J.: 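Could you have a look at this structure, given as structure tokens, before my questions?
Computed from a predicted structure; not experimentally measured.
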Amino acid sequence: MNTTIQIEKSILKALKEIKDYPRQTYNELLFKMIHIFKNFKNNNNYNEFLHKVQQDKMKEFWDNKEDEFWQNV
């Protein structure tokens, strides 16, 4: 089943510019964009998770007396 969506002309122009090949359908293009966005979103969550996990260890490395001594040299 197909449907119609309304988009601004500037969006249509941008979609035309990023097509991989001239006869690529907008359906194919949007599907590809959704797939890329989902992967990016999932990877971003993973990166945030890693950042949170590593924060305590990084504090352990950087918040110590030896490093404080060298900062004042």
J.: If you draw a 6.0 Å radius around NZ in Lys16, do more than 12 non-hydrogen atoms from other residues or ligands fall strictly inside?
T.: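 For Lys16, atom NZ is not crowded (no more than 12 foreign heavy atoms under 6.0 Å).
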J.: Within a strict 4.5 Å, meaning less than it, do heavy atoms of the Asn27 and Asn2 side chains meet?
T.: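 Result no, sub-4.5 Å side-chain heavy-atom pair not found.
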J.: Within the side chain of Gln24, is there an N or O that forms a donor-acceptor pair under 3.5 Å with the backbone of Asp20?
T.: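 Yes.
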J.: When you look at CZ of Phe31, are more than 12 heavy atoms from neighbouring residues, nucleotides or ligands closer to it than 6.0 Å?
T.: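 Check fails, neighbour count at 12 or below.
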J.: Can you tell me how far CG of Leu30 sits from OG1 of Thr25, rounded to the nearest 0.5 angstrom?
T.: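 Between atom OG1 of Thr25 and atom CG of Leu30 there are 8.5 Å.
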J.: Going only through I, L, V, M, F, W and Y residues with side-chain contacts under 4.5 Å, is there a path from Leu29 to Ile11?
T.: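 Looking at the clustering, Ile11 is in the same group as Leu29.
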J.: According to a 4.5 Å side-chain heavy-atom criterion applied to Ile, Leu, Val, Met, Phe, Trp and Tyr, with indirect links allowed, do Leu12 and Ile18 form part of one hydrophobic cluster?
T.: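 Leu12 clusters together with Ile18.
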J.: Heavy-atom distance under 4.5 Å between the side chains of Tyr21 and Glu28, does that happen here?
T.: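 Contact flag for Tyr21/Glu28 side chains = yes.
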J.: Consider only side-chain heavy atoms of I, L, V, M, F, W and Y, link residues closer than 4.5 Å, and tell whether Ile5 and Met33 are in one cluster.
T.: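 Result: yes, single cluster for both.
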J.: Is the charged tip of Lys32 near the ring of Phe37: under 6.0 Å from the six-membered ring centre and within 45° of its axis?
T.: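 Cation-pi check for Lys32 and Phe37: fails.
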